[in-house]
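Everything below concerns the one structure shown next.
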Amino acid sequence: SVVAVSCTCVGPLPSFASSYVAVIVAEFVTCSTPFVAGVPVAVMHGNRDFLLGERFARAAGARLLPERIVVDAGGVPTLLMHGDELCTDDADYQRYRAWIRDPHRQRRILALPWAVRRAFSAWLRRRSRNANRTKRDEIMDVNASAVAQALRDAGVARLVHGHTHRPATHALDVDGRACERVVLGDW
């Protein structure tokens with residue numbers, strides 16, 4: 001089963017508290033411990049936490065998931081994705097996604113001092129909010145062809161994703177096969 005929680009970190013931070021990883025790990029561990037004690041925890045990158053890496057995973061006792069993974073969900077093979085790669089009609093976002101997900105660029109960003117990374121992140125977020133104000137809703141939603149292709153590529157009939165934060169369950173037909181797309185809300 002999947003449990004989504006949202007909470008605020010309370011309690012002491014680890015000794016390496018000056019780092020961004022420490023803050024995120026502390027919140028993650030504080031939030032998840034009461035719910036998942038003894039249960040393996042996995043984390044999938046989203047569009048704002050894509051720089052979390054193995055250091056975070058080790059400190060949080062979690063496993064990082066790939067961008068796409070098929071899991072057994074109640075006996076049904078299910079494709080899990082963040083979902084931003086399905087918004088193919090938003091060409092500007094897809095260009096940004098390719099640019100920011102470049103491993104060389106990510107290493108360069110992570111080499112910057114914490115204050116610079118924080119300012120850069122805030123600037124990117126402001127830019128994103130401003131850009132989204134002028135985009136039509138349908139551009140920022142998933143593309144039906146991209147969804148169908150993801151289901152075909154994974155060989156499954158169920159897809160669970162977030163990103164658009166328009167919670168719903170959608171029935172769709174892909175090549176004559178009844179399929180389901182479950183959209184998670186904003187956590």
Q. When you look at Thr164 and Cys87, which way does the side chain to side chain contact (heavy atoms under 4.5 Å, CB included) test go after all the steps?
A. CA-CA 9 Å; Thr164 63; Cys87 299; 4.0 Å; yes
Tell me, with the steps shown, if Arg133 and Asn130 meet side-chain hydrogen bond (donor to acceptor under 3.5 Å, both in side chains).
CA-CA 5 Å; Arg133 285 187 192 120; Asn130 290 338; 2.4 Å; yes
Take His170 and Glu180, measure what side chain to side chain contact (heavy atoms under 4.5 Å, CB included) needs, and give me the verdict at the end. CA-CA 6 Å; His170 304 272; Glu180 177 181 45; over 6 Å; no
For Val183 and Thr169, what are the C-alpha separation, side-chain angles and deciding distance, and is it a side chain to side chain contact (heavy atoms under 4.5 Å, CB included)? CA-CA 6 Å; Val183 184; Thr169 299; over 6 Å; no
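The closest side-chain heavy-atom distance from His161 to Val142 is below 4.5 Å. Under the 4.5 Å side-chain criterion, counting only non-hydrogen atoms from C-beta, Arg107 is in contact with Pro103. Counting heavy atoms from C-beta outward, Leu184 and Val160 have side chains that approach closer than 4.5 Å. Residues Leu51 and Leu110 form a side-chain contact, since some pair of their non-hydrogen atoms from C-beta on lies under 4.5 Å apart. Residues Phe56 and Val43 have side chains in contact (heavy-atom distance under 4.5 Å, counting atoms from C-beta outward).
Of all non-hydrogen atoms in Ala157 and Ala178, the two that sit nearest each other are CB-O, 3.7 Å. In plain terms, the two heavy atoms of Ala150 and Met81 that are nearest each other are CB-SD, 4.0 Å. Nearest heavy-atom pair, Pro77 versus Gly75, reported as atom, atom and distance to 0.1 Å: CD-O, 3.8 Å. The two residues Val76 and Thr78 make their nearest non-hydrogen contact at O-OG1, 2.8 Å. In terms of heavy-atom proximity, Leu112 sits nearest to Arg117 at O-NH1, 3.1 Å.
In this structure, Val116 is not a member of the same hydrophobic cluster as Trp99, with clusters built from ILVMFWY side-chain heavy atoms closer than 4.5 Å. Taking hydrophobic clusters as Ile, Leu, Val, Met, Phe, Trp and Tyr residues chained together by side-chain heavy-atom distances below 4.5 Å, Leu86 shares a cluster with Val70.
Remark: of the listed residues Leu151, Val156, Val147, Leu151 is the sole one forming a side-chain contact (heavy atoms from CB on, under 4.5 Å) with Val174. For the side-chain contact (heavy atoms from CB on, under 4.5 Å) test with Asp90, the passing option among Lys135, Arg136, Arg95 is Lys135; the others fail.
Looking only at distances, no side-chain donor or acceptor of Asp175 sits under 3.5 Å from a matching main-chain atom of Arg177. Using a distance-only test at 3.5 Å, with no hydrogens or angles considered, a donor-acceptor pair links the side chain of His45 to the main chain of Leu52. For the pair Ser128 (side chain) and Arg126 (backbone), a donor-acceptor distance under 3.5 Å is absent. Side-chain atoms of Arg158 come within 3.5 Å of backbone N or O of Ala73 as a donor-acceptor pair.
Using a 4.0 Å cut-off between charged nitrogen and carboxylate oxygen, Arg101 and Glu67 count as a salt-bridge pair.
Between the side chains of Arg152 and Gln149, at least one donor-acceptor pair of N or O atoms lies under 3.5 Å.
Taking the six-membered ring for Trp, His163 and Tyr93 have ring centres closer than 6.0 Å.
Annotation: side-chain contact (heavy atoms from CB on, under 4.5 Å) contacts of Ile100 (sequence neighbours excluded): Phe50, Tyr96, Ile109, Phe120, Leu124.
Residue pairs meeting the ring pair (Phe, Tyr, Trp, His ring centres under 6.0 Å) criterion with at least one partner in residues 128-153, sequence neighbours excluded, are absent.
Atom SG of Cys179 is separated from atom CG of Asp173 by 7.0 Å, given to the nearest 0.5 angstrom. For the atom pair CG (Asp153) and CZ (Arg68), the distance works out to 6.0 Å, reported to the nearest 0.5 Å. Rounding to the nearest 0.5 Å gives a distance of 16.0 Å between CZ of Arg63 and CZ of Arg58. In this structure, the separation between CG on Asp92 and CZ on Arg127 is 9.0 Å, given to the nearest 0.5 Å.
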